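Inspection log for the structure reproduced underneath, given as structure tokens.
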Amino acid sequence: MTLVRRIEVNTGLENFVLLDRISKTGAATIIGEKKYFNNPVYLGIESLAQLGAYHVRFLTGFENHAFLLKINRCTIPAYHVLNGIYLLKGRLVSQSKSAFCYDLQAGKGDKVQIEGEFLYATIDYGRTFNKKILQAHYRKVFSCLQRESKTDC
Amino acid sequence: MNILEEITEILAEILDIENHNISPETYLIRDLGVESIDLLELAVALNSIFKIDVNDDEIFLKKLRQYITEAEQQNKDILQYLAENLPFLSRKRLEEITADLEEGPTLKVEDLVSYVERQCYEN
């Protein structure tokens, strides 16, 4: 008899991609935005982590698996709820062949509310991180986030 | 500060240890217990401070054993092959490394200094 156990993960979110748009991508910068609806601050930190990871993928031509290794420091607002449209900015501070350090910040209006230093690493795709699936997925999401219209995303 | 002093400062901060525990002869992994995440932090710190390109595979001698295997398979002189692939290491250091392989990871602080010196010179 085969026992099949199904594990359901409920993040409380409709979508794991916590970015609405990537409006600008350069050699050392990336800018995006996200609209929050009374969401906890940790989702803002996750948005920043995702923004930085997409810049690492962009820099490496989506040829490697990129992941957040460490948050060296992060300041968060005293008011622990995010509401409204936030501008997300990332600046590549330093890098090696397989490590990337970013200053990432989320702000509303002209006030920065979350700011931190995030360290990413890249590894080759392999058995754990399937290149065929993940590379296509991240390319597609990145492309969608750069478009004004999300109708076919 | 010179290159050794800068690297000592960086390592001491990443590993949360005192500077006097670090010398050119210190083995990063054997003596200090450096882990892969520490090496990645070290790599970006070196890039930031010295404004040099840092190739993690080279500076941390990650392909050392692969190079030795390749030299053996191709019947090449091991030291010569290593010198071609790790040009920042002196012949004397490469001899030490090849004689020391069985003791474990051979990366020393002096190897980092040699790498940074070479990269700074090339820049």
Side-chain angles (χ1 to χ4, degrees), chain A residues 25-30 45-46 48-75 89-105 115-129 131 134, chain B residues 1 3 6-7 9-17 28-29 33-67 85-89 105 107 109 111-120 122-123:
Chain A
T25 311
T29 55
I30 185 165
I45 298 172
E46 174 63 29
L48 291 177
Q50 292 186 8
L51 186 78
Y54 271 106
H55 193 259
V56 174
R57 294 184 189 110
F58 165 75
L59 286 182
T60 55
F62 294 82
E63 287 297 322
N64 297 95
H65 182 63
F67 58 95
L68 177 66
L69 195 66
K70 188 180 178 186
I71 298 177
N72 286 325
R73 59 173 176 77
C74 189
T75 55
K89 292 182 181 177
R91 181 175 63 88
L92 180 63
V93 176
S94 55
Q95 70 174 106
S96 69
K97 186 182 173 193
S98 53
F100 301 80
C101 185
Y102 285 85
D103 180 67
L104 292 161
Q105 54 180 244
E115 190 271 336
E117 188 177 276
F118 292 57
L119 180 66
Y120 298 84
T122 58
I123 55 169
D124 292 338
Y125 286 114
R127 289 179 67 181
T128 308
F129 303 107
K131 182 173 184 176
L134 291 174
Chain B
M1 272 199 284
I3 292 174
E6 290 274 18
I7 289 175
E9 284 284 329
I10 297 167
L11 276 171
E13 188 176 334
I14 291 173
L15 301 172
D16 197 19
I17 58 174
L28 272 79
I29 296 164
V34 167
E35 298 181 3
S36 56
I37 184 173
D38 301 319
L39 293 179
L40 291 164
E41 277 198 78
L42 178 58
V44 292
L46 293 174
N47 168 254
S48 175
I49 289 170
F50 296 107
K51 311 298 178 201
I52 55 169
D53 290 338
V54 178
N55 182 321
D56 309 62
D57 291 343
E58 283 183 13
I59 189 173
F60 302 132
L61 312 183
K62 288 183 178 177
K63 293 186 174 176
L64 178 71
R65 286 165 202 274
Q66 179 189 320
Y67 292 144
N85 287 286
L86 302 167
F88 58 98
L89 295 178
L107 182 66
V109 171
D111 302 329
L112 306 179
V113 175
S114 299
Y115 183 88
V116 172
E117 280 176 344
R118 186 180 173 89
Q119 292 297 93
C120 288
E122 288 187 347
N123 279 356

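Throughout, protein chains are lettered first and strands after them, A, B, ... in sequence-line order, and every chain is numbered starting at 1. These figures come from a predicted structure and were not determined experimentally. Excluded from the calculations below are hydrogen atoms, water molecules and symmetry mates; all remaining heavy atoms, backbone and side chain alike, are included.
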Measuring heavy-atom distances to chain A, does B:E41 have an atom under 4.5 Å in its side chain, in its backbone, in both, or in neither? both
Aromatic ring proximity A:F100/A:Y120, centre distance under 6.0 Å: no
For A:L119, which atoms come within 4.5 Å of any heavy atom of chain B: side chain, backbone, both, or neither? side chain
Salt bridge A:R73-A:E115, side-chain N to carboxylate O under 4.0 Å: yes
Heavy-atom cut-off 4.5 Å, strictly under: side chain, backbone, both or neither for B:D53 against chain A? neither
Kindly indicate, with the supporting measurements, whether the criterion side chain to side chain donor-acceptor pair (under 3.5 Å) is fulfilled by A:D124 and A:N64. CA-CA 5 Å; A:D124 292 338; A:N64 297 95; 3.1 Å; yes
Are the side chain of B:S114 and the backbone of B:L89 linked by a donor-acceptor contact shorter than 3.5 Å? no
